[in-house]
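Worksheet for the structure shown next.
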Amino acid sequence: MDEQKKQFDFGENWDEFSRKALNPERVRQARDDFSKLLEGTELQGRSFVDIGFGQGLSLLAATASGAFTVGCDINPKCKEVLDANRRCFPEAEAACIPVITGSILDDAVLNNIRATVPGGQFDIVHSWGVLHHTGNMKKAIVNAASLVKPGGRFVLAIYNRHWTSPVWFIIKWFYNMMPKFVRKIMILIFYPVIWLAKYAVTKDDPKKQARGMDFYYNVIDWVGGYPYEYASLDKIEKMLAGLGFAPVKKIPAQVPTGCNEFVFEKL
Ligand SMILES: C[S@@+](CC[C@H](N)C(=O)[O-])C[C@H]1O[C@@H](n2cnc3c(N)ncnc32)[C@H](O)[C@@H]1O
């Protein structure tokens with residue numbers, strides 16, 4: 001089986017999530033959580049690129065906040081989903097958002113992203129839950145970081161390292177090797193398992209999700225999201241320090257295998 005076939009189809013999951021689960025309350029939550037993460041980072045009139053925009057909620061929230069936005073995603077379905085979700089953001093519905101379909105690992109894609117702004121770098125590079133799914137997280141971080149202007153911000157979320165992370169790697173790899181009916185059975189099995197594990201850690205209703213997400217579609221993403229890498233908070237901070245970035249904000253994952261969120265500033 002080739003590498004392309006082993007990659008989880010995020011576009012299909014975002015399409016179904018957007019058609020069946022996205023509602024005004026989730027859009028409001030996505031906008032609020034995006035604003036909280038970006039608090040202290042000016043968006044009005046600034047250039048903003050979203051690497052791996054997925055369903056487009058952050059990209060559209062940034063557009064609605066007055067940023068000049070550009071999107072990149074490897075999965076061509078994500079552009080269709082983004083266009084459909086514009087209806088949820090009246091301020092951004094008719095905005096011009098250049099979209100580049102391709103991998104952040106690809107030099108030609110990087111050059112196409114650079115060509116969308118004068119000087120080839122952005123005030124804000126945003127990549128939430130993406131760079132660990134590229135197949136080469138280190139190169140993806142280096143490439144995304146190269147798009148940040150001096151004095152600009154790099155907003156990212158990366159899966160935390162935990163003793164169960166290698167187990168998750170095997171689960172995700174296995175899921176993507178299986179035919180559709182086995183994948184469906186795996187979701188049926190993992191849904192209650194993840195529900196119980198999340199309840200045990202948070203003591204809160206596991207169906208409550210952040211960022212406008214939905215528990216069922218998140219389970220599919222968690223079980224299927226391959227390629228998969230992970231890193232500790234320290235490792236990401238050290239790596240970004242080595243690339244000339246200072247930490248501005250870090251929000252540790254709510255559950256041990258969740259995503260740590262970071263905001264860095266390029267010195
Ligand atoms: C877990 S989703 C995150 C979506 C969105 N950023 C969010 O915050 O909900 C990961 C996204 O990264 C995209 N992706 C995976 N590998 C990529 C790559 N090499 N280059 C660009 N996008 C990639 C996937 O297609 C998917 O839409």
Side-chain angles (χ1 to χ4, degrees), residues 3-18 21-22 26-27 29-38 48-62 69-82 84-85 88 99-113 124-147 154-159 168 172 175-176 209-215 217-230 251 253 257-262:
E3 281 308 308
Q4 192 61 36
K5 281 196 184 138
K6 273 195 256 162
Q7 178 148 34
F8 174 67
D9 188 349
F10 285 100
E12 184 181 274
N13 198 38
W14 289 133
D15 177 45
E16 216 176 301
F17 157 80
S18 300
L22 190 59
R26 292 211 159 104
V27 172
Q29 191 198 45
R31 292 181 76 144
D32 287 353
D33 287 351
F34 177 77
S35 298
K36 271 185 224 149
L37 181 60
L38 275 280
F48 175 105
V49 61
D50 197 2
I51 313 287
F53 59 82
Q55 75 309 107
L57 294 177
S58 298
L59 181 54
L60 290 165
T69 55
V70 175
C72 166
D73 202 291
I74 195 171
N75 192 308
K77 278 183 213 146
C78 290
K79 159 103 173 73
E80 290 164 32
V81 176
L82 167 73
N85 287 343
C88 307
V99 169
I100 287 123
T101 298
S103 172
I104 189 63
L105 300 175
D106 182 340
D107 287 342
V109 169
L110 262 187
N111 287 337
N112 286 341
I113 297 173
I124 302 138
V125 173
H126 176 273
S127 192
W128 207 105
V130 175
L131 304 174
H132 49 226
H133 285 312
T134 56
N136 188 342
M137 181 170 71
K138 197 171 166 197
K139 184 174 179 192
I141 292 177
V142 170
N143 283 0
S146 76
L147 294 170
F154 188 15
V155 182
L156 77 162
I158 296 285
Y159 272 130
W168 277 105
K172 288 163 189 268
Y175 178 94
N176 286 282
Q209 295 291 292
R211 305 176 62 252
M213 297 295 113
D214 171 85
F215 183 69
Y217 292 102
N218 266 354
V219 168
I220 297 175
D221 181 307
W222 296 328
V223 174
Y226 184 88
Y228 168 67
E229 289 174 80
Y230 40 83
I251 306 169
T257 49
C259 283
N260 298 315
E261 297 175 292
F262 307 86

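Each ligand, and each atom within it, is numbered from 1 in the order the structure gives.
Counting only distance, with no hydrogens or angles, the side chain of E229 and the backbone of H132 share no donor-acceptor pair below 3.5 Å. Counting only distance, with no hydrogens or angles, the side chain of N143 and the backbone of I104 share a donor-acceptor pair below 3.5 Å. The closest donor-acceptor contact from the side chain of H126 to the backbone of V155 lies at 3.5 Å or more, if one exists at all. The main-chain N or O of G71 is never found under 3.5 Å from a side-chain atom of D50 such that the two would form a donor-acceptor pair. The backbone N or O of A21 sits nowhere less than 3.5 Å from a side-chain atom of E16 that would complete a donor-acceptor pair.
Every N/O-N/O distance between S58 and ligand 1 stays at or above 3.5 Å. Checking only distances, Q55 does come within under 3.5 Å of ligand 1, N or O to N or O.
Of the protein's non-hydrogen atoms, D73 OD2, 2.7 Å is the one closest to atom 27 (O) of ligand 1. For atom 10 (C) of ligand 1, the nearest protein heavy atom (residue, atom name, distance) is G129 O, 3.5 Å. Looking at atom 5 (C) of ligand 1, its nearest protein heavy atom turns out to be G52 O, 3.4 Å. Shortest contact from atom 8 (O) of ligand 1 to any protein heavy atom: R211 NH2, 2.5 Å. Atom 12 (O) of ligand 1 has V130 CG1, 3.4 Å as its closest protein atom, hydrogens excluded (heavy atom only). Among all non-hydrogen protein atoms, the one lying nearest atom 20 (N) of ligand 1 is I104 N, 3.0 Å. Protein heavy atom at the shortest distance from atom 19 (N) of ligand 1 is S103 OG, 2.9 Å. Protein heavy atom in closest approach to atom 14 (N) of ligand 1: I74 CG2, 3.6 Å.
Counting atoms of ligand 1 from 1 in the listed order, those under 4.0 Å from a heavy atom of Q7 are 15 (C), 16 (N). Residue D221 approaches ligand 1 through these ligand atoms, each under 4.0 Å from one of its heavy atoms: 1 (C). Contact atoms of ligand 1 toward N75: 25 (O) (distance under 4.0 Å to a heavy atom of the residue). Residue-ligand proximity, G102 to ligand 1, at heavy-atom distances under 4.0 Å covers atoms 20 (N), 21 (C).
At a heavy-atom cutoff of 4.0 Å, ligand 1 is contacted by no atom of L57, backbone or side chain. When non-hydrogen atoms are compared, ligand 1 lies under 4.0 Å from the side chain of C78 (C-beta onward) but not from its backbone. In F53, the part holding a heavy atom less than 4.0 Å from any atom of ligand 1 is the backbone. Under 4.0 Å from ligand 1, heavy atoms of W128 appear from its side chain as well as its backbone.
The aromatic rings of Y228 and Y159 sit perpendicular to each other, their planes meeting at more than 60°, with 30° as the lower class boundary. Ring planes of F17 and W14: perpendicular class, angle over 60° (limits at 30 and 60°).
Summarising the geometry of A157 relative to C259, their closest heavy-atom pair is CB-CB, 4.0 Å, with the distance given to 0.1 Å. Contact record, C72 with V109: SG-CG1, 4.0 Å, taken as the closest heavy-atom pair. Residue N176 comes nearest to G224 through the heavy atom pair ND2-O, 2.7 Å, listed as atom of the first residue, atom of the second, then distance.
For the side-chain hydrogen bond (donor to acceptor under 3.5 Å, both in side chains) test with K77, the passing option among N13, D9, D15 is D9; the others fail.
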